[in-house]
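Okay, so here's the structure we're looking at.
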Amino acid sequence: MTKRPAHILPVIVISQFAGTSLWFAGNAVIPDLQKSWGLSADALGYITSSVQLGFITGTLVFAFFAISDRVSPRKLFLACSFLGALSTVATTLTPSEFSFLVVLRFATGFFLAGIYPVGMKIASGWFDRDLGRALGYLVGALVVGTALPHLIRGVGQTLPWEYVMVTVSLIAAIGGVIMYMSVPDGPFLKAGAPFDPKAFLVIFGSKRFRASSFGYFGHMWELYTVWVFMPALVLLYLATHDKTGWNVPFLSFCIIAIGGLSCVVSGLVALKRGSAPVAFYHLLISGLCCLIAPLMIFTPPVIFVLYLLVWGITVIGDSAQYSTMNAKYAPPELVGSALTYVNAIGFGLSVVSIQLVSYAVEAIGVQNAFLLLLPGPLFGLWALMPLMGREGDRQGEGAL
């Protein structure tokens with residue numbers, strides 16, 4: 001048996017973190033662009049949705065053509081890291097046209113499909129029985145990487161917005177180089193099953209798979225929209241209490257990034273308690289956070305910040321558990337197609353959710369707009385109920 005070098009997991013995690021830092025680069029600088037380019041308030045929703053749509057498109061294209069099977073995953077990761085970095089830094093060179101920005105963010109999302117899922121595949125080449133633990137760290141890296149542009153904006157508040165875009169582009173490119181130079185193809189790397197467009201009905205014929213995937217859909221209805229509009233909620237709180245001096249980008253980083261630690265801890269808990277209970281209680285608490293958002297605007301600062309941190313922990317800590325359950329309950333010969341379909345639908349729902357809340361913010365206020373996210377957790381909780389028994393969660397399709 002091939003001995004796994006000790007540096008493999010840290011390098012994959014760091015590279016994943018670096019590559020996914022491209023995801024929210026546009027979100028971190030949108031206040032600057034709204035001032036300098038005269039963008040409307042709903043620009044934030046369109047910028048984020050364009051990245052999500054790009055990711056969906058890239059995921060389907062890469063799966064349909066089995067690109068990560070035809071090309072070494074580490075080479076694909078390197079290429080997409082560079083191309084994603086180029087499409088991000090290109091925003092600093094284009095004229096002040098919103099349409100160019102949307103196209104470039106779409107391109108960034110497309111190349112992220114060659115970073116996040118491909119990083120998972122690289123890990124699967126080196127981890128066999130302990131793959132679940134490795135994936136927990138990788139999802140955590142995605143979360144912290146997603147938050148990174150907010151940190152860069154928070155540290156360099158007086159610097160031009162272009163500083164954020166160039167910095168994350170350099171970080172992503174370096175991450176691709178590190179992955180390519182330090183992580184060869186692993187001994188467990190296998191070619192994926194061919195993508196089967198006709199497998200949709202077969203996949204969702206599995207009752208347990210429906211339960212776990214529907215839970216994931218409820219989770220995705222909430223997740224990215226919370227991340228996108230959390231800074232707006234903080235700004236509203238400051239305006240309501242006539243406060244100044246808060247570093248909103250840094251606080252946004254903390255709220256999102258703490259979820260990375262939550263992913264790791266939740267993965268360890270799931271080993272003993274099962275994935276479904278972990279996902280269920282995360283959804284329950286994050287749903288309650290949606291419900292009380294209008295009230296929390298009037299709480300003292302310490303309570304408000306603690307509330308945001310709890311939301312940041314629970315809104316993402318269950319994410320890896322859906323992947324675990326979906327992979328477990330999908331028909332074995334269709335796992336690749338199943339996960340592709342589920343990811344595409346989940347990110348598609350996030351686009352709808354982001355746009356819905358974006359339109360509602362101006363009409364009813366961001367604190368009330370968060371109530372529109374509540375159906376996601378409620379639907380997910382309902383879907384997960386059949387999987388809540390620890391014995392049922394750990395077994396296969398059974399009699400459900």
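As a basis for the values below, the full set of heavy atoms in this structure was taken, side chains included, without hydrogen atoms, waters or symmetry mates.
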Under 4.5 Å between any side-chain heavy atoms of Pro386 and Lys207, yes or no?
no
Does Leu288 reach the side chain of Thr314, with side-chain heavy atoms less than 4.5 Å apart?
no
Atom CH2 of Trp382 with >12 non-hydrogen neighbours under 6.0 angstrom:
no
Could you point out which residue of Tyr116, Phe62, Phe55 forms a ring pair (Phe, Tyr, Trp, His ring centres under 6.0 Å) with Phe110?
Phe62
Are the side chains of Leu371 and Pro294 in touch, meaning some heavy atoms are under 4.5 Å apart?
yes
Minimum heavy-atom separation for Leu372 to Ala360, with atom names?
CD1-CB, 3.5 Å
Mind listing the closest non-hydrogen atom pair of Lys243 and Pro301 along with its distance?
CE-CG, 3.5 Å
Scan side-chain atoms only and decide if Ser87 and Thr108 contain a donor-acceptor pair under the 3.5 Å cut-off.
yes
Compare all side-chain heavy atoms of Phe253 with those of Pro149 and state whether any distance is below 4.5 angstrom.
no
Polar contact flag, side-chain donor to acceptor under 3.5 angstrom, Asp42-Ser358:
no
One pair to check against side-chain hydrogen bond (donor to acceptor under 3.5 Å, both in side chains): Glu222 and Trp227. What are the steps and the verdict?
CA-CA 9 Å; Glu222 179 193 14; Trp227 281 354; over 6 Å; no
Angle between ring planes, Phe347 versus Tyr224, binned at 30° and 60°: parallel, tilted or perpendicular?
tilted
Apply side chain to side chain contact (heavy atoms under 4.5 Å, CB included) to Ser21 and Phe17, showing your working.
CA-CA 6 Å; Ser21 67; Phe17 157 77; 5.7 Å; no
From CG (Asp32) to OG (Ser36), nearest 0.5 Å:
6.5 Å
Less than 4.5 Å apart, any side-chain heavy atom of Leu251 and any of Val248?
no
Gap separating the CD1 atom of Ile292 from the CD1 atom of Ile297, nearest 0.5 angstrom
11.0 Å
Minimum heavy-atom separation for Gly259 to Ile316, with atom names?
CA-CG2, 3.3 Å
Where the side chain of Arg105 meets the backbone of Thr88, is there a donor-acceptor pair that is under 3.5 Å apart?
no
Going by atom types only, do Ser266 and His282 share a side-chain donor-acceptor pair under 3.5 Å?
yes
Can you establish whether the number of heavy atoms outside Glu362 located under 6.0 Å from its atom CD is more than 12?
no
Between Val352 and Leu223, is there a shared hydrophobic cluster once you connect ILVMFWY residues whose side-chain heavy atoms come closer than 4.5 Å?
yes
One pair to check against side chain to side chain contact (heavy atoms under 4.5 Å, CB included): Ser323 and Tyr216. What are the steps and the verdict?
CA-CA 8 Å; Ser323 298; Tyr216 172 73; 5.7 Å; no
Donor-acceptor pair, Thr48 side chain versus Gly45 backbone, under 3.5 Å?
no
In the structure I gave you, are the side-chain heavy atoms of Trp246 and Val305 within less than 4.5 Å of one another anywhere?
yes
Are Asp185 and Ser72 close enough, and set up right, to give a side-chain hydrogen bond (donor to acceptor under 3.5 Å, both in side chains), and what steps lead you there?
CA-CA 7 Å; Asp185 293 336; Ser72 169; 3.1 Å; yes
Any donor-acceptor N/O pair, Arg273 side chain to Val278 backbone, under 3.5 Å
no
If you compare all heavy atoms of Ala276 against all heavy atoms of Leu387, which two are closest, and at what distance to 0.1 Å?
CB-O, 3.2 Å
Within the distance-only criterion (no hydrogens, no angle test), does the side chain of Arg74 pair as donor or acceptor with the backbone N or O of Val183 below 3.5 angstrom?
yes
Between Ala6 and Pro10 the two heavy atoms that sit nearest each other are O-CD, 3.4 Å
Please check: side-chain N/O of Arg153 versus main-chain N/O of Gly156, any donor-acceptor pairing under 3.5 Å?
yes
For the residue pair Tyr46 and Phe98, categorise the inter-ring angle as parallel (less than 30°), tilted (30 to 60°) or perpendicular (more than 60°).
perpendicular
For Met325 versus Ala279, what's the shortest heavy-atom pair and its separation?
CE-CB, 4.2 Å
Point-to-point distance, once rounded to the nearest 0.5 Å, from CG of Leu22 to OG of Ser81
7.5 Å
More than 12 non-hydrogen atoms from neighbouring residues, nucleotides or ligands closer than 6.0 Å to OH on Tyr180, yes or no?
no
For Leu93 and Phe100, what are the C-alpha separation, side-chain angles and deciding distance, and is it a side chain to side chain contact (heavy atoms under 4.5 Å, CB included)?
CA-CA 10 Å; Leu93 307 175; Phe100 284 106; over 6 Å; no
Do Gln321 and Ser275 have side-chain atoms, one donor and one acceptor, less than 3.5 Å apart?
yes
Report yes if the side chains of Met388 and Tyr281 come closer than 4.5 Å at any heavy-atom pair, otherwise no.
yes
Take a 6.0 Å sphere around OH of Tyr237 and say whether it holds more than 12 heavy atoms from other residues, nucleotides or ligands.
yes
Say you draw a straight line from SG of Cys289 to CD1 of Ile313; how long is it, rounded to the nearest 0.5 Å?
9.5 Å
Identify whether Ile12 and Val177 are in the same connected component of the hydrophobic contact network (ILVMFWY, side-chain heavy atoms under 4.5 Å).
no
Ring centroid separation Phe379 to Phe214 under 6.0 Å
yes
Measuring only between side-chain heavy atoms, which start at C-beta, is Val102 closer than 4.5 Å to Phe106?
no
Roughly how far, to the nearest 0.5 Å, is the OG atom of Ser212 from the OH atom of Tyr329?
7.0 Å
Do the side chain of Ser262 and the main chain of Ile258 share a donor and acceptor less than 3.5 angstrom apart?
no
Do we see a donor-acceptor contact under 3.5 Å between the side chains of Thr20 and Thr146?
no
Quick check on the hydrophobic clustering: are Val155 and Ile152 connected, directly or via other members, by side-chain heavy-atom contacts under 4.5 Å?
yes
Between Gln34 and Ser40, is there a donor-acceptor pair closer than 3.5 Å when you use the side chain of the first and the backbone of the second?
yes
Centroid separation under 6.0 Å, is that true for the rings of Phe250 and His150?
no
Same cluster or not: are Val103 and Leu44 linked, directly or through other Ile, Leu, Val, Met, Phe, Trp or Tyr residues, by side-chain heavy atoms under 4.5 angstrom apart?
no
What's the spacing between Met179 CE and Lys75 NZ if we round to 0.5 Å?
15.0 Å
Between Leu356 and Val51, is there shared hydrophobic-cluster membership here, with clusters defined by ILVMFWY side-chain heavy atoms closer than 4.5 Å?
yes
Determine, using ring centers only, whether Trp311 and Tyr307 are less than 6.0 Å apart.
yes
CA sep, side-chain torsions, deciding dist, call: Thr244, Leu238, side chain to side chain contact (heavy atoms under 4.5 Å, CB included):
CA-CA 7 Å; Thr244 58; Leu238 296 177; over 6 Å; no
Ser286 (side chain) donor-acceptor with Val315 (main chain) under 3.5 angstrom
no
Under 3.5 Å: donor-acceptor pair, side chain of His7, backbone of Ser182
yes
